[in-house]
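Model, not experiment: these values are computed from the prediction.
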Amino acid sequence: MTDTATPEVQPKKKGLTRRQKRSVSRGVQYAVFVAAVIVFAVSADWDRLQNQFAQADIAERMFPDVITLALKNTVLYTVTGFAVGLALGMVIALMRLSSVGPYRWLAGIYIEIFRGLPALLIFIFIGVAVPLAFPGTEIIGGTYGKVALALGLVAAAYMAETIRAGIQAVPKGQMEAARSLGFSPARAMISIIIPQAFRIILPPLTNELVLLFKDSSLVLFLGVTLEERELSKYGRDLASQTANSTPILVAGLCYLLVTIPLGFVVRRMEAKAQEAVK
């Protein structure tokens, strides 16, 4: 009989599991981030930064005007611009969905133009081109009206597409059910479809409000009086007067005072919308 040697079975080398790899990768990223923060904290000249951006006496002189004047104007510009943009965006969205060809074409041209142009050019157009084209005409509300119109024209192009998507996201059976109950197409759209669409598009519309809040800083290109200044203009003027950047920092903190809570609201609404879908 011949002995047959059985081959030795080599134990398999166990590597890291996928979860372990993710943990290691996450740990490396955290370590790199902490190292970058430490390097920044050690290498930055905090005394110079404090002298230039954190002078308490200059910051104190900004109150209460930075709130009662600058922040108030910024909020007013944003709200009026959002209202104009929402109303115009609704009209453009319905034109985009219309069965009439020229309406769809006009809506499409408007959206492409005003989404493609920088907001700065729209402000310059409202402040310079309109008075030249129509001498002697005044936009209702003065500077506030001009800002509302400029912001509204920019916002309407984005809101129109958001509203259109929301309307198309409503199940078609809703319109059919409304029509079977005797609703006219217009009444069904206003009473049934649009309210449901707005529940869907509320988070992106709130996000658009945050963007408009920041775009309101472009009001300086329209030329404003001291009483019409918004946060950016107010901070920039005081920075020039004091030869210090503390007013810019305070103005930035005032922006965050509004945008951070709005961002939190957007995230909460998105989470609730996802829960409703599940």
Side-chain angles (χ1 to χ4, degrees), residues 75-130 133-134 137 139-141 143-172 174-175 178-179 183-219 221-222 262 266 269-270 273:
V75 172
L76 184 59
Y77 293 147
T78 304
V79 171
T80 54
F82 184 82
V84 172
L86 184 60
L88 184 57
M90 176 64 71
V91 174
I92 299 297
L94 294 177
M95 291 175 63
R96 189 86 159 134
L97 295 171
S98 174
S99 58
V100 181
Y103 287 168
R104 294 197 307 273
W105 303 334
L106 288 174
I109 292 171
Y110 176 91
I111 290 171
E112 293 302 323
I113 289 176
F114 283 90
R115 281 200 310 182
L117 289 176
L120 172 60
L121 295 184
I122 306 301
F123 272 82
I124 295 175
F125 175 80
I126 295 297
V128 178
V130 172
F134 306 97
T137 58
I139 296 177
I140 299 174
T143 300
Y144 294 96
K146 293 178 182 178
V147 176
L149 180 59
L151 287 177
L153 288 173
V154 174
Y158 295 93
M159 290 186 185
E161 287 294 87
T162 301
I163 294 171
R164 178 188 62 79
I167 291 175
Q168 291 180 326
V170 178
K172 293 182 179 180
Q174 296 292 319
M175 175 62 79
R179 295 286 288 141
F183 283 72
S184 65
R187 186 182 173 191
M189 179 65 70
I190 295 172
S191 302
I192 306 297
I193 305 301
I194 291 179
Q196 295 185 62
F198 265 87
R199 281 194 287 270
I200 297 172
I201 64 175
L202 199 54
L205 284 182
T206 307
N207 193 48
E208 183 64 31
L209 181 63
V210 175
L211 296 177
L212 283 182
F213 187 74
K214 295 184 291 184
D215 284 343
S216 64
S217 61
L218 297 174
V219 67
F221 292 97
L222 296 177
L262 279 177
V266 171
M269 289 191 297
E270 289 176 345

Within this structure, what is the [atom1]-[atom2] distance for the pair [X] and [Y], rounded to the nearest 0.5 Å?
| X | Y | atom1 | atom2 | answer |
| --- | --- | --- | --- | --- |
| Asp215 | Leu120 | CG | CG | 10.5 Å |
| Ser99 | Arg104 | OG | CZ | 7.0 Å |
| Phe221 | Ile122 | CZ | CD1 | 13.5 Å |
| Ile190 | Ile193 | CD1 | CD1 | 11.5 Å |
| Phe82 | Ser216 | CZ | OG | 14.0 Å |
| Met90 | Phe198 | CE | CZ | 3.5 Å |

- Under 3.5 Å donor-acceptor, Thr206 side chain and Leu202 backbone: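 It does hold such a pair.
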
- Message: The criterion is ring pair (Phe, Tyr, Trp, His ring centres under 6.0 Å); which residues satisfy it with Tyr77, sequence neighbours excluded?
- Response: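 Partners of Tyr77 by the ring pair (Phe, Tyr, Trp, His ring centres under 6.0 Å) criterion, ordered by chain and then number, come out as Tyr144.
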
What are the two closest heavy atoms between [X] and [Y], and how far apart are they?
| X | Y | answer |
| --- | --- | --- |
| Asn207 | Val266 | N-CG2, 3.8 Å |
| Pro185 | Met175 | O-CE, 4.1 Å |
| Leu218 | Ala119 | CD1-CB, 3.6 Å |
| Met95 | Ala107 | CB-CB, 3.9 Å |

- Task: Take Tyr110 and Leu88 through the test side chain to side chain contact (heavy atoms under 4.5 Å, CB included) and record every step on the way to the result.
- Result: CA-CA 11 Å; Tyr110 176 91; Leu88 184 57; 3.3 Å; yes

- Report the C-alpha distance between Tyr103 and Leu97 in whole Å, list the side-chain angles of each, state the deciding distance to 0.1 Å, and finish with yes or no for side chain to side chain contact (heavy atoms under 4.5 Å, CB included). CA-CA 9 Å; Tyr103 287 168; Leu97 295 171; over 6 Å; no

- Task: Any chance you could lay out the side chain to side chain contact (heavy atoms under 4.5 Å, CB included) test for Glu112 and Ile109, step after step, and finish with the verdict?
- Result: CA-CA 5 Å; Glu112 293 302 323; Ile109 292 171; over 6 Å; no

Name the atoms and distances for all side-chain donor-acceptor pairs under 3.5 Å in residues 146-171, with sequence neighbours left out.
from   : atom 1 : to     : atom 2 : distance (Å)
Tyr158 : OH     : Arg115 : O      : 3.4
Glu161 : OE1    : Arg164 : NE     : 3.1
Glu161 : OE2    : Arg164 : NH2    : 3.3
Thr162 : OG1    : Tyr158 : O      : 3.1
Arg164 : NH1    : Gln168 : OE1    : 2.8

